[in-house]
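A quick write-up on the structure given underneath.
One is the number of the first residue; the rest follow in order along the sequence.
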Amino acid sequence: MTADRVTAERRAAQKHQRACIIWLTGLSGAGKSTIANALEAALVEREKHTYLLDGDQLRDSLNADLGFDLPSRDENVRRVAQVAKQFVEAGLIALVALISPLRRQRDFARSLVTAHEFVEVHLSTPLAECERRDPKGLYKRARAGLIKEFTGIDSPYEAPQSAEITIDTTGTTSDECVAKILSYLAAGRY
């Protein structure tokens, strides 16, 4: 038995895939969780090894101690990015569905892995459409002053300047969004 360290590349090769982080960002209601879940199902169907880190679920578990002020948001993104990095080192495709409103937060996540291991997917759905959908009633509550520092209302969202994939989900089905992401991944041989 050798004392060689098992590398991330070896773990990914064992799974017949390239490990990476697929980071879905966008406003609340843009479709991050819906698309991430559909994408994970499509990848698993293709026998890829994945794990989905959903912002809503993480706020109820790993990050339950955090608020929504800027330092808490920074810490939320930092923790999720570190966990996603660990999944990449395990040879997995980590899907992250997280508003991550500031460029510097997403740049930090990107900096944790190599260039080919980070795929930023910007769901560029306009605020008006996200408010129209408002699946959790959050925009209505934010507009009524019941939620403070709500991204897109009284807290900024900085759109990515050079995301690998940009999709406006207005009038686009989740299947069409997933197909676009899968096409990008196939071209990079993930």
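Residues Leu52 and Val119 share a single hydrophobic cluster, defined by chaining ILVMFWY side chains whose heavy atoms lie under 4.5 Å apart. Criterion: ILVMFWY side-chain heavy atoms under 4.5 Å apart, direct or through other members. Under it, Leu39 and Phe87 are not part of a common hydrophobic cluster. Transitive grouping of hydrophobic side chains (ILVMFWY, heavy atoms separated by less than 4.5 Å) brings Ile181 and Leu95 into a common cluster. Cluster membership for Val96 and Leu58, using ILVMFWY side-chain heavy atoms within less than 4.5 angstrom, is shared. Connection of Val77 to Ile21 is established within a shared hydrophobic cluster, with ILVMFWY side chains joined at heavy-atom distances below 4.5 Å, either directly or through further cluster members.
Sorted pairs that involve residues 159-189 and meet ring-ring contact (aromatic ring centres under 6.0 Å, His included), not counting sequence neighbours, are lacking altogether. Within the structure, every pair that satisfies the salt bridge (charged side-chain N to carboxylate O under 4.0 Å, His left out) test and touches residues 53-71, not counting sequence neighbours, is listed here: Asp56-Lys136, Asp65-Arg79. Under the ring-ring contact (aromatic ring centres under 6.0 Å, His included) criterion, no residue pair touches residues 52-76, with sequence neighbours excluded. For residues 157-179, the set of pairs meeting the salt bridge (charged side-chain N to carboxylate O under 4.0 Å, His left out) definition, not counting sequence neighbours, comprises Arg110-Glu164. Here salt bridge (charged side-chain N to carboxylate O under 4.0 Å, His left out) pairs that include residues 26-39, with residues two or more places apart or in two chains, number zero. Within the structure, the salt bridge (charged side-chain N to carboxylate O under 4.0 Å, His left out) test picks out the following pairs touching residues 83-103 (sequence neighbours left out): Lys85-Glu89.
Minimum interatomic distance between Ala30 and Arg133 (heavy atoms only, all atoms of both residues): O-NH1, 3.2 Å. Taking both residues in full, the closest heavy atoms of Ala81 and Phe108 are given as CB-CE2, 4.1 Å, listed atom of the first, atom of the second, then distance. The heavy-atom pair separating Pro156 from Pro101 by the smallest distance is O-CB, 3.4 Å. Pro126 and Thr170 make their closest contact through CD-OG1, 3.5 Å (heavy atoms, listed as atom of the first residue, atom of the second, distance). In terms of heavy atoms, Cys130 sits closest to Ser28 at CB-O, 3.2 Å. Listed here is the closest heavy atom pair of Ile167 and Cys177: CG2-SG, 3.6 Å.
Side-chain atoms of Glu120 never come within 3.5 Å of backbone atoms of Ser162 as a donor-acceptor pair (strictly under, hydrogens ignored). When atom types are taken as modelled, the side chain of Asn37 and the backbone of Ser33 share a donor-acceptor pair closer than 3.5 angstrom. Without hydrogens or angle criteria, Ser72 side chain to Leu66 main chain gives no donor-acceptor distance under 3.5 Å. Remark: side-chain polar atoms of Lys15 are paired, donor with acceptor, to backbone N or O of Ala90 under 3.5 angstrom. A side-chain donor-acceptor contact under 3.5 Å links Arg18 to the backbone of Gly188. When atom types are taken as modelled, the side chain of Lys180 and the backbone of Thr166 share a donor-acceptor pair closer than 3.5 angstrom.
Residues passing the side chain to side chain donor-acceptor pair (under 3.5 Å) test with Thr151 are Arg73, sequence neighbours excluded. In this structure Arg46 satisfies the salt bridge (charged side-chain N to carboxylate O under 4.0 Å, His left out) test with no other residue, sequence neighbours excluded. Applying the side chain to side chain donor-acceptor pair (under 3.5 Å) criterion to Arg132, with sequence neighbours excluded, gives Glu129. By the side chain to side chain donor-acceptor pair (under 3.5 Å) test, Thr125 is found to be paired with Thr169, residues two or more places apart in sequence or in another chain being considered.
Between Val121 and Thr25, every side-chain heavy-atom pair lies at or beyond the 4.5 Å cut-off. Side-chain atoms of Trp23 and Val80, non-hydrogen and from C-beta on, do get closer than 4.5 Å to each other. With a 4.5 Å cut-off on side-chain heavy atoms, Leu185 and Leu43 count as touching. Inter-residue side-chain proximity for Cys20 and Ile22 is flagged as met; some heavy-atom pair is nearer than 4.5 Å.
Atom CD in Glu47 sits 8.0 Å away from atom NE2 in His49 (nearest 0.5 Å). The CG atom of Leu98 sits 8.5 Å away from the CG atom of Asn63 when rounded to the nearest 0.5 Å. Taken to the nearest 0.5 Å, the CZ atom of Arg141 stands 9.5 Å off from the CG atom of Asp134. Of the inter-residue distances, the one linking Gln17 atom CD with Leu92 atom CG reads 6.5 Å to the nearest 0.5 angstrom.
Between the side chains of Thr114 and Glu117, at least one donor N or O lies within less than 3.5 Å of an accepting N or O. No side-chain N or O of Ser124 forms a donor-acceptor pair with one of His122 less than 3.5 Å apart.
Tyr157 forms part of a hydrophobic cluster together with Leu27, Ile99, Leu127, Leu138, Tyr139, Ile147, Phe150, Ile153, judged by ILVMFWY side-chain heavy-atom separations under 4.5 Å. Residue Leu70 shares its hydrophobic cluster (ILVMFWY side chains chained together at separations under 4.5 Å) with Leu102.
Contact check on Arg143 versus Glu131 returns a salt bridge, with a Lys/Arg side-chain nitrogen under 4.0 Å from an Asp/Glu carboxylate oxygen.
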So Ser100 and Gln105, side-chain hydrogen bond (donor to acceptor under 3.5 Å, both in side chains) or not? Walk me through it. CA-CA 6 Å; Ser100 46; Gln105 295 167 336; 5.6 Å; no
